K.L.:
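Structure below; questions to follow.
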Amino acid sequence: PFRGELQAVAVDDVIHKTLPLLPPGAGGRTRIVLALQPDLPAVRSDPEQLRQVFLNLALNAIEAMTPPASDPSTPPAPGSSDTRLTISTALRRSRGGGLPVFIEVRFSDTGPGIPPAVQKSLFIPFFTTKERGTGLGLSISQRIVENHGGQIEVRSRPGAGATFTVVLPVFTA
């Protein structure tokens, strides 16, 4: 059950407080690029829970671009010499083009992508493709975002990376 403390939160602040929690060197070869839109409106959120979601998505992206620890000699996949995680923010307007009613936070990586069959199962509890994963990170993240009135969207093409987009409603007083 949701037990968060909802308050007006600046998404950019949560992102900046999440970055130091990433592993030193962000997984070795991974560059983190921020493309944050200035002066975004606040969202109504529990900042600690939102940080948990952002940390999980960033760590998953970094792991997807890092060769398995069991075989450190594995060369990078073709075209993956630029391992980059881009975290970006933007406003999303309502379908009618009216006022911006949502904020998007995108986590885009240059990893191998996610096969369509795996995409269908990503948010199912205990589903994992990792050797040492519990399969709970994305399902917990999805529940947190849904409890905040939002959703997580996934776009990926095998060989072209993946983008997880957290969509949250703008805070209205």
Side-chain angles (χ1 to χ4, degrees), residues 1-27 30-65 84-111 114 119-128 130 133-156 161-173:
F2 180 68
R3 293 187 180 94
E5 286 289 323
L6 296 180
Q7 56 189 282
V9 173
V11 169
D12 291 2
D13 289 346
V14 177
I15 292 169
H16 285 293
K17 289 178 181 172
T18 303
L19 294 177
L21 302 175
L22 296 174
T30 304
R31 285 187 309 127
I32 297 178
V33 177
L34 295 179
L36 307 179
Q37 183 172 329
D39 303 320
L40 288 173
V43 297
R44 186 174 174 93
S45 170
D46 178 310
E48 292 304 315
Q49 289 189 348
L50 204 53
R51 188 178 333 181
Q52 180 181 349
V53 171
F54 292 172
L55 180 62
N56 183 62
L57 294 175
L59 288 173
N60 284 350
I62 291 166
E63 287 178 17
M65 295 183 287
R84 180 180 66 250
L85 169 61
T86 302
I87 303 172
S88 59
T89 58
L91 289 174
R92 179 183 286 190
R93 303 214 177 268
S94 64
R95 294 199 191 280
L99 295 174
V101 292
F102 295 98
I103 293 180
E104 297 180 343
V105 183
R106 285 187 239 59
F107 295 79
S108 301
D109 67 55
T110 58
I114 304 167
Q119 285 184 45
K120 295 176 184 177
S121 302
L122 286 175
F123 298 102
I124 296 173
F126 304 109
F127 175 81
T128 185
K130 300 176 186 176
T134 62
L136 291 174
L138 285 175
S139 63
I140 290 170
S141 294
Q142 181 184 46
R143 170 131 341 148
I144 289 170
V145 171
E146 287 175 349
N147 285 336
H148 286 78
Q151 63 185 16
I152 300 178
E153 301 169 348
V154 181
R155 286 203 172 120
S156 180
T163 299
F164 283 74
T165 304
V166 178
V167 182
L168 296 166
V170 168
F171 175 71
T172 53

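Here the structure is a predicted model, which means the values were calculated and not measured.
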K.L.:
Would you say the side chain of Ile152 lies within less than 4.5 Å of the side chain of Leu122, judging by non-hydrogen atoms?
P.N.:
no
K.L.:
Minimum heavy-atom separation for Val167 and Val145, please, with both atom names.
P.N.:
O-CG1, 4.2 Å
K.L.:
Can you find a heavy atom in the side chain of Val105 that is under 4.5 Å from one in the side chain of Thr89?
P.N.:
yes
K.L.:
If you round to the nearest 0.5 Å, how far is CG of Leu34 from CG of Leu85?
P.N.:
8.5 Å
K.L.:
My understanding is that only residues two or more places apart in sequence, or in another chain, count here; which of them pass side chain to side chain contact (heavy atoms under 4.5 Å, CB included) with Ala162?
P.N.:
Asp109, Ile114, Ser156, Phe164
K.L.:
Show the nearest heavy-atom pair for residues Leu40 and Ala90, with the distance to one decimal.
P.N.:
CD2-C, 4.2 Å
K.L.:
I'd like to check the side chain to side chain contact (heavy atoms under 4.5 Å, CB included) partners of Glu146; sequence neighbours left out, ordered by chain and number.
P.N.:
Gln142
K.L.:
Using every non-hydrogen atom in the two residues, find where His148 and Asp46 come nearest and quote the distance to one decimal.
P.N.:
NE2-N, 3.0 Å
K.L.:
Nearest heavy-atom pair of Val14 and Pro47: which atoms, and what distance?
P.N.:
CG1-O, 4.1 Å
K.L.:
When rounded to the nearest 0.5 angstrom, what is the spacing between CZ in Phe102 and CG in Leu168?
P.N.:
9.5 Å
K.L.:
Are side-chain heavy atoms of Ser88 and Val33 found at a separation under 4.5 Å?
P.N.:
no
K.L.:
For a 4.5 angstrom cut-off between non-hydrogen side-chain atoms, does Ile87 reach Thr18?
P.N.:
no
K.L.:
Of all the heavy-atom pairs spanning Leu91 and Ile103, show the shortest one and how long it is.
P.N.:
CD2-CG1, 4.1 Å
K.L.:
Give, for atom CD1 of Ile32 and atom CD1 of Ile15, the distance between the pair rounded to the nearest 0.5 Å.
P.N.:
11.5 Å
K.L.:
Give the minimum heavy-atom separation between Ser45 and Val9, together with the two atoms involved.
P.N.:
O-CG2, 3.5 Å
K.L.:
If you count every heavy atom of other residues, nucleotides or ligands that lies below 6.0 Å from Arg106 atom CZ, does the total exceed 12?
P.N.:
yes
K.L.:
Arg84 and Thr110: side-chain donor and acceptor closer than 3.5 Å?
P.N.:
no
K.L.:
Please tabulate, for the side chains in residues 50-57, all donor-acceptor contacts under 3.5 angstrom to protein atoms that are two or more places apart in sequence or on a different chain.
P.N.:
unit_1: Arg51; atom_1: NH2; unit_2: Glu48; atom_2: OE2; d: 2.8
unit_1: Asn56; atom_1: ND2; unit_2: Gly137; atom_2: O; d: 3.3
unit_1: Asn56; atom_1: ND2; unit_2: Ser141; atom_2: OG; d: 3.3

K.L.:
Distance from Thr86 atom OG1 to Arg31 atom CZ, nearest 0.5 Å?
P.N.:
7.5 Å
